[in-house]
Amino acid sequence: QVQLVESGGGLVQPGGSRRLSCRASRSFVSLYTMGWYRQIPGKQLELVAGIKSDGTTNYADAVKGRFSISRDNTVNTVYLQMNSLKPEDTAVYYCKNENLNYWGQGTQVTVSS
């Protein structure tokens, strides 16, 4: 069983930045498509950003230009750099291995003054 462990969540002020990490228990982030999702209270789970094995990335319209997904294969970790955060970005953020359908446990990000 592969584990995905997210970290980096917390309270951040509007306009601030935060970097989320998703570490896999074994080496596979370079082999598969990885995604970051979020669950905003009262809304459906949505894809925030994805990165393919060839490095191709995609983003939800709501975060384009503010969020950036990347990975470090040497430490089996995928990152989500979030800048210019807004209160509407408040959510539980999850990472997922798209090919194997593995999910992390989620990390809460709260954007508030």
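Note: hydrogens, waters and symmetry copies are ignored here, and every other heavy atom, side chains too, is used.
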Chemist: For Lys64, give me all partners under salt bridge (Lys or Arg N to Asp or Glu O under 4.0 Å), at least two apart in sequence or on another chain.
Modeler: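 With neighbours one apart ignored, the set is Asp61.
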Chemist: Can you pull out every side-chain hydrogen bond (donor to acceptor under 3.5 Å, both in side chains) where at least one residue sits in residues 7-22? Sequence neighbours excluded, please.
Modeler: Ser17-Asn83
Chemist: In chain order, what residues pass the side chain to side chain donor-acceptor pair (under 3.5 Å) check against Ser113, with sequence neighbours excluded?
Modeler: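 Expected list: none.
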Chemist: Mind checking whether Ile51 and Tyr94 sit in one hydrophobic cluster, side chains of I, L, V, M, F, W, Y counted as touching below 4.5 Å?
Modeler: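 Each belongs to a different hydrophobic cluster.
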Chemist: State the OG-CZ distance between Ser53 and Arg71, to the nearest 0.5 angstrom.
Modeler: 6.5 Å
Chemist: To the nearest 0.5 Å, what is the distance between CG on Asp54 and OG1 on Thr33?
Modeler: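 Answer rounded to 0.5 Å: 8.0 Å.
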Chemist: Could you measure the distance from the CE atom of Met34 to the OG1 atom of Thr77? Nearest 0.5 Å is fine.
Modeler: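 It comes to 9.5 Å.
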Chemist: Are Tyr93 and Tyr59 connected, step by step, through hydrophobic side chains (Ile, Leu, Val, Met, Phe, Trp, Tyr) whose heavy atoms are closer than 4.5 Å?
Modeler: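 Yes, one cluster joins them.
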Chemist: Drop me the distance from Leu4's CG to Gln105's CD, to the nearest 0.5 angstrom.
Modeler: 9.0 Å
Chemist: Let me confirm one number: the OG1-CZ distance from Thr57 to Phe67, rounded to the nearest 0.5 Å.
Modeler: 14.0 Å
Chemist: Which residues pass the side chain to side chain donor-acceptor pair (under 3.5 Å) test with Thr110, not counting sequence neighbours?
Modeler: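 For Thr110, the residues satisfying side chain to side chain donor-acceptor pair (under 3.5 Å) (neighbours in sequence not counted) are Gln108.
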Chemist: Taking side chain to side chain donor-acceptor pair (under 3.5 Å) as the test, write out the residues that go with Thr74, two or more places apart.
Modeler: Asp72
Chemist: Answer yes if Val78 and Leu100 sit in the same cluster of Ile, Leu, Val, Met, Phe, Trp and Tyr residues linked by side chain heavy atoms under 4.5 Å apart, and no otherwise.
Modeler: yes
Chemist: Between Ala91 and Ile40, which heavy-atom pair has the shortest distance, and what is it?
Modeler: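 Closest pair (atom of Ala91, atom of Ile40, distance): CB-CG1, 3.7 Å.
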Chemist: When you compare the side chain of Tyr37 with that of Val92, does any pair of heavy atoms fall below 4.5 Å?
Modeler: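 When only atoms from C-beta onward are counted, Tyr37 and Val92 do not touch, as no gap falls below 4.5 Å.
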Chemist: Check whether any side-chain heavy atom of Met82 sits under 4.5 Å from a side-chain heavy atom of Asp89, and report yes or no.
Modeler: no
Chemist: The criterion is side chain to side chain donor-acceptor pair (under 3.5 Å); which residues satisfy it with Glu46, sequence neighbours excluded?
Modeler: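 Side chain to side chain donor-acceptor pair (under 3.5 Å) list for Glu46, sorted by chain: Arg38.
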Chemist: Under a 3.5 Å distance rule, please check whether Tyr79 uses its side chain to pair with a backbone N or O of Ser68 as donor and acceptor.
Modeler: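 Checked: no pair found.
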Chemist: What is the distance from atom SG of Cys95 to atom CD of Glu6, rounded to the nearest 0.5 Å?
Modeler: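 So the SG of Cys95 and the CD of Glu6 are separated by 4.0 Å.
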